[in-house]
Amino acid sequence: MDLDAAAGRASAPADALSAAADALYALPRDEFTPARDAAVREARAAGDKGLATAIGRLRRPTVGAWLVNHLARERPDEVAALASLGESMRAAHQQLDGAALRRLSEQRRELVNALTRTTKELGKAAGEPASDAVVRELEGMFTSALADPDAARALASGRLSSPKELTSAGTLDWPAVAPGTRPRPAPSAPSPTPSDSAPSVAATDRGAEDRPEPPSGPSPALVRAQQELERLAATLSEAEDRAAAAHRDFDSAAEEEQAAHRAVAERRAELIAAEQAEQQARQRARTARREREDTDRALRDAARRHAVAHDRLTALES
């Protein structure tokens, strides 16, 4: 990927930084650092020290951040669902709509699970498998994007270097812009000159200073209450899931117990039948023994009488 060409197509120093960042964060992790260093050298050779300094500050993404960046580029529509669902959840919070909140909390869980599964699949295909710790990071990043629109835009930008950036999305080094989304004005800050420092973050949108500030958001107390309501709704939903799982486990164990009881009853019946058969066989053996003894006596008596008769006949003939 030609980073210098990407930067050369930009119309302003800030645009050059944004283009270079897009190109760098689209690279495989192993290629990020050498490509960034090459871009710094090219910017210095072109005489743009400020751009070189800014590019040099770009950090190599962690595995979790790289996987989310990869997802944002490969499946932008699925990532955009985070912002949409997050907006619906905030509306339900503001209206204190418990039924809608529970339904949306279920959708939140399904979306986070689906995005985590897709990210793992994409990462495995790209040679970046996700460990259990990284999977937990992914789930945390998706949850942060649901809770904070700034975090959702930062995640959709595909230019994260660390999951920690989503906890302070408003202070990223450039506007986190989702495809087709108008960036929010960057925080006001002194703008150093391009010759001695990095380009100003605000310079990425030259009209930002002329646009009116967006209306102030809900009060901190309301935000905390909404977050607490969401947390409790999620806790309730998880408790319901655990209770349902416990009921299923109980039903399964009860069925196993009944099956074991039936098996024991069958074996007991077979044992009783075998004992009865043994008793009957023993009785038949006694009867047969008596009959044998009787027949033996009868045979001896017959043999004795036969001998007597034979002796008498012999005496008469003589």
Side-chain angles (χ1 to χ4, degrees), residues 1-80 118-119 122-128 130 138 141 145 150-166 169 171-184 186 192 194-195 197-206 208:
M1 182 175 295
D2 192 343
L3 298 178
D4 185 52
R9 290 191 295 269
S11 60
D15 294 328
L17 172 61
S18 181
D22 275 333
L24 284 168
Y25 284 106
L27 293 172
R29 287 184 72 243
D30 292 342
E31 299 179 17
F32 180 92
T33 300
R36 180 198 61 194
D37 295 344
V40 170
R41 289 192 296 270
E42 291 170 3
R44 285 176 180 166
D48 197 337
K49 294 172 59 178
L51 179 59
T53 301
I55 293 176
R57 290 173 179 167
L58 300 178
R59 301 271 69 84
R60 179 178 184 237
T62 64
V63 174
W66 187 90
L67 289 172
V68 168
N69 292 341
H70 189 54
L71 175 71
R73 287 177 170 80
E74 294 294 323
R75 306 288 175 85
D77 293 340
E78 296 180 26
V79 171
T118 299
T119 305
L122 291 174
K124 184 177 181 180
E128 284 286 356
L138 297 176
M141 285 189 279
D150 286 335
R153 282 188 286 270
L155 189 148
S157 74
R159 293 181 291 188
L160 294 176
S161 64
S162 169
K164 296 179 181 178
E165 293 180 5
L166 296 185
T171 61
L172 291 174
D173 291 339
W174 53 77
V177 183
T181 303
R182 185 181 182 88
R184 297 177 67 177
S195 61
S197 64
S200 169
V201 174
T204 58
D205 189 347
R206 293 300 185 181

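Considering every non-hydrogen atom in both Arg59 and Gly56, the closest pair reads NH2-O, 3.4 Å. What you find for Leu51 and Asp48 is that their closest heavy atoms are N-OD1, 3.1 Å. Considering every non-hydrogen atom in both Ala65 and Leu160, the closest pair reads CB-O, 3.7 Å. Of all the heavy atoms in Ala126 and His70, the pair that sits closest is CB-NE2, 4.0 Å. Residue Ala145 comes nearest to Ala151 through the heavy atom pair CA-CB, 3.9 Å, listed as atom of the first residue, atom of the second, then distance. The minimum heavy-atom distance between Gly123 and Leu67, with the atom names listed, is CA-CD2, 3.4 Å.
Once rounded to the nearest 0.5 Å, the distance linking CD1 of Ile55 with CG of Leu24 reads 7.0 Å. Note that CG of Leu17 and CG of Asp22 are 9.5 Å apart. Values are rounded to the nearest 0.5 Å. Leu71 CG to Leu138 CG: the interatomic distance, rounded to the nearest 0.5 Å, is 9.0 Å. The CG atom of Leu155 sits 12.5 Å away from the CG atom of Asp150 when rounded to the nearest 0.5 Å.
For residues 60-69, the salt bridge (charged side-chain N to carboxylate O under 4.0 Å, His left out) pairs, not counting sequence neighbours, are Asp30-Arg60. Here ring pair (Phe, Tyr, Trp, His ring centres under 6.0 Å) pairs that include residues 26-62, with residues two or more places apart or in two chains, are Tyr25-Phe32.
Judged as a salt bridge (charged side-chain N to carboxylate O under 4.0 Å, His left out), and not counting sequence neighbours, the contacts of Glu78 are Arg75. For Asp37, there are no salt bridge (charged side-chain N to carboxylate O under 4.0 Å, His left out) partners at least two apart in sequence or on another chain. In this structure Ala125 satisfies the side chain to side chain contact (heavy atoms under 4.5 Å, CB included) test with no other residue, sequence neighbours excluded. Under the side chain to side chain contact (heavy atoms under 4.5 Å, CB included) criterion, Arg44 pairs with Val40, Ala52, not counting sequence neighbours.
Between the side chain of Arg159 and the main chain of Asn69, no donor-acceptor pair closer than 3.5 Å is present. Within the 3.5 Å criterion, the main-chain N or O of Leu58 finds a donor-acceptor partner in the side chain of Arg36. Formation of a donor-acceptor pair under 3.5 Å by the Trp66 side chain with backbone atoms of Ala26 is not found in this model. A distance-only check finds no donor-acceptor pair linking the side chain of Ser162 to the backbone of Glu165 [under 3.5 Å].
Here the options are Thr119, Leu122, Val63, the test is side-chain contact (heavy atoms from CB on, under 4.5 Å), and the partner is Glu128; only Val63 passes.
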